[in-house]
Amino acid sequence: MIYIVNKSTDPAYNIALEEFCFKELKHFDKIFILWINEPAIIVGKHQNTQAEINTRFVQENGIHVVRRITGGGAVYHDLNNLNYTIISNEKEGENDFDFKTFSQPVIETLAELGTKAEFSGRNDITIDGKKICGNAQAYAGNRVMHHGCLLFDTDLSMLSKALEVSTETVDFKGVKSVRSRVDNILPNLPVKISVNEFADKILDQMIRTFPEMKEYHFGEAEKQEIEKARREKFANWDWTYGHNPVAEVIREKRFPAGRIQVFLNIGNGKIKEIRFYGTFFGKNSDLTVPQEILKEVRYTPSDIKNALSQFDTSQYFAGFSLDELTEAIVE
């Protein structure tokens with residue numbers, strides 16, 4: 001197991017670094033990364049970016065906007081919030097979206113600092129019922145990447161304004177993230193520390209838990225690969241905004257496992273184009289298979305349910321029943 005202390009605060013670079021570790025450093029069974037971003041909105045892979053942000057406020061305040069490779073909702077980062085990533089090789093069927101297990105080092109660190117935190121709901125950490133951390137995951141085969149966004153001393157007024165879509169803009173009908181009651185960690189600590197000291201505490205906790213863990217330093221060739229991904233993908237307008245949909249029919253439903261928004265073009269009573277957006281998770285984040293299978297299917301509940309039953313929907317929409325997916329697409 002290795003750990004990486006990433007000193008970059010460039011959001012696009014940091015997301016590129018995560019992806020590189022996830023996809024290229026597969027010979028390491030487990031990887032732990034700590035990182036901090038400049039002010040940024042990080043949107044989920046399956047979200048409509050412009051439905052998540054207050055575009056004018058974001059531009060006026062120089063806030064970065066970057067799409068990540070994991071599902072879930074949009075989050076706000078700044079220099080007083082701490083992000084952590086755990087990448088792990090898992091056996092088939094083990095720890096499927098086990099946010100609670102991956103969140104335990106944070107909960108234990110807060111306990112040592114005199115603050116009781118709890119795992120709550122689908123993927124959150126809370127203090128006194130207020131969310132201080134959201135989590136997301138991505139899968140590639142049996143490799144899982146889990147990351148959390150810890151609100152340490154974040155400017156909550158900036159958070160709410162940056163993620164509040166202006167009523168003066170076009171109604172994009174995007175899959176909006178659920179806005180939970182949130183709080184910072186710092187006011188809840190009996191002894192005040194800095195975000196960097198807090199990061200050190202979490203790293204110490206991980207080293208105690210995994211004493212075999214060693215620090216890893218990137219080589220020059222690896223740094224160049226990460227920079228290339230930053231430049232060509234994560235800092236690219238097409239990646240962050242170009243996925244936004246245009247459709248004749250827009251449906252949106254919220255279920256216990258997350259929110260799904262469906263964009264459809266219908267012709268002669270059949271589905272011609274379909275795209276899924278939302279805060280859902282799946283072991284396979286490439287939605288090409290379900291979208292292609294549903295093409296040319298008659299737009300009726302029975303036909304759509306039958307088409308969905310032809311493949312393992314849980315690989316793409318974890319926690320959703322066949323009936324829920326059908327309801328999300330058609331009445």
Side-chain angles (χ1 to χ4, degrees), residues 1-9 13-37 68-70 72 77 81-120 123-127 132-152 185 189 191 193-219 222-223 226 281 283:
M1 182 176 183
I2 61 170
Y3 70 90
I4 296 165
V5 179
N6 177 19
K7 296 299 185 181
S8 165
T9 58
Y13 182 88
N14 292 342
I15 299 295
L17 183 149
E18 259 197 332
E19 183 186 50
F20 180 85
C21 293
F22 182 44
K23 295 183 177 180
E24 302 300 331
L25 298 185
K26 294 180 180 179
H27 49 291
F28 292 110
D29 185 59
K30 283 184 169 55
I31 303 172
F32 178 68
I33 313 169
L34 286 171
W35 45 291
I36 293 174
N37 276 338
R68 62 180 185 265
I69 66 170
T70 56
H77 292 180
N81 107 287
L82 178 66
N83 306 291
Y84 68 96
T85 305
I86 299 174
I87 298 170
S88 178
N89 293 328
E90 304 293 340
K91 293 181 181 178
E92 185 67 33
E94 289 188 359
N95 292 325
D96 285 354
F97 297 91
D98 188 359
F99 292 107
K100 189 172 183 178
T101 295
F102 285 115
S103 299
Q104 202 58 37
V106 176
I107 293 173
E108 292 173 0
T109 300
L110 288 170
E112 289 183 357
L113 293 171
T115 299
K116 182 181 179 182
E118 298 176 315
F119 187 81
S120 173
N123 58 341
D124 298 332
I125 301 175
T126 61
I127 296 176
I132 55 100
C133 181
N135 296 280
Q137 286 185 337
Y139 274 84
N142 292 333
R143 192 166 172 84
V144 58
M145 180 175 73
H146 171 102
H147 54 199
C149 165
L150 288 157
L151 298 174
F152 184 77
I185 292 169
L189 297 182
V191 178
I193 58 176
S194 70
V195 66
N196 290 314
E197 289 172 321
F198 181 59
D200 291 341
K201 296 284 187 184
I202 291 181
L203 181 57
D204 289 344
Q205 175 67 41
M206 289 295 295
I207 291 173
R208 286 197 301 272
T209 304
F210 303 99
E212 74 282 5
M213 189 168 65
K214 305 296 182 184
E215 185 171 4
Y216 182 80
H217 299 278
F218 292 110
E222 293 174 319
K223 291 178 183 178
I226 295 168
F281 297 94
K283 290 188 75 171

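- At a threshold of 4.5 Å between non-hydrogen side-chain atoms, the residues Ile185 and Leu113 do not count as touching.
- Checking Leu25, Ile31, Val5 one by one against Tyr216, the side-chain contact (heavy atoms from CB on, under 4.5 Å) holds for a single residue, Leu25.
- Evaluation of the salt bridge (charged side-chain N to carboxylate O under 4.0 Å, His left out) rule for Arg208 yields Glu112 as partners, not counting sequence neighbours.
- In this structure, Lys283 and Gly141 approach most closely via the heavy-atom pair CE-O, 4.1 Å.
- Of the inter-residue distances, the one linking Asp200 atom CG with Ile193 atom CD1 reads 9.0 Å to the nearest 0.5 angstrom.
- Separation of atoms CE (Met1) and CE (Met206) is listed at 3.5 Å; rounding is to 0.5 Å.
- At a threshold of 4.5 Å between non-hydrogen side-chain atoms, the residues Leu189 and Leu110 count as touching.
- Counting all heavy atoms, side chain and backbone alike, Ala138 lies closest to Phe22 at O-CZ, 3.6 Å.
- The distance from the CG atom of Asn83 to the CD1 atom of Ile15 is 7.5 Å, given to the nearest 0.5 Å.
- Nearest heavy atom pair, residue Asn81 against residue Leu151, reads CB-CA, 4.3 Å.
- The two residues Leu82 and Ala199 come nearest to each other via the heavy atoms CD2-CA, 3.7 Å.
- Every residue two or more places apart in sequence or in another chain was checked for a side-chain hydrogen bond (donor to acceptor under 3.5 Å, both in side chains) with Lys26, and none qualifies.
- Here the shortest heavy-atom pairing between Thr109 and Lys201 reads CG2-CB, 3.8 Å.
- The shortest non-hydrogen separation linking Glu222 to His217 is OE1-O, 4.3 Å.
- Counting only heavy atoms from C-beta outward, the side chains of Val106 and Cys133 never approach each other to under 4.5 Å.
- Note that CD1 of Ile202 is 13.0 Å distant from CD of Glu197, once rounded to the nearest 0.5 Å.
- For Lys223, the side chain to side chain contact (heavy atoms under 4.5 Å, CB included) partners at least two apart in sequence or on another chain are Phe218, Glu220.
- For Thr209, the side chain to side chain contact (heavy atoms under 4.5 Å, CB included) test picks out Gln205, with sequence neighbours left out.
- Note that CZ of Phe20 and OH of Tyr13 are 9.5 Å apart. Values are rounded to the nearest 0.5 Å.
- In this pair, Trp35 and His147 present their aromatic rings tilted. The plane angle is within the 30 to 60° band.
- Atom CD1 of Ile226 is separated from atom SG of Cys21 by 6.0 Å, given to the nearest 0.5 angstrom.
- Not counting sequence neighbours, Phe210 has no partner by the ring pair (Phe, Tyr, Trp, His ring centres under 6.0 Å) test.
- Looking only at side-chain heavy atoms (C-beta outward), Leu203 and Phe32 come within less than 4.5 Å of each other.
- Every residue two or more places apart in sequence or in another chain that forms a ring pair (Phe, Tyr, Trp, His ring centres under 6.0 Å) with Phe198 is listed here: Phe152.
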Quiz item: Could you go step by step and tell me if Ile36 and Asn196 meet the side-chain contact (heavy atoms from CB on, under 4.5 Å) rule?
Solution: CA-CA 9 Å; Ile36 293 174; Asn196 290 314; 3.8 Å; yes

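- Side-chain atoms of Val195 and Leu150, non-hydrogen and from C-beta on, never get closer than 4.5 Å to each other.
- Looking at Asn89, its side chain never comes within 3.5 Å of a backbone N or O of Arg143 through a donor-acceptor pair.
- Residues Met145 and Arg68 form no side-chain contact, since every pair of their non-hydrogen atoms from C-beta on lies 4.5 Å or further apart.
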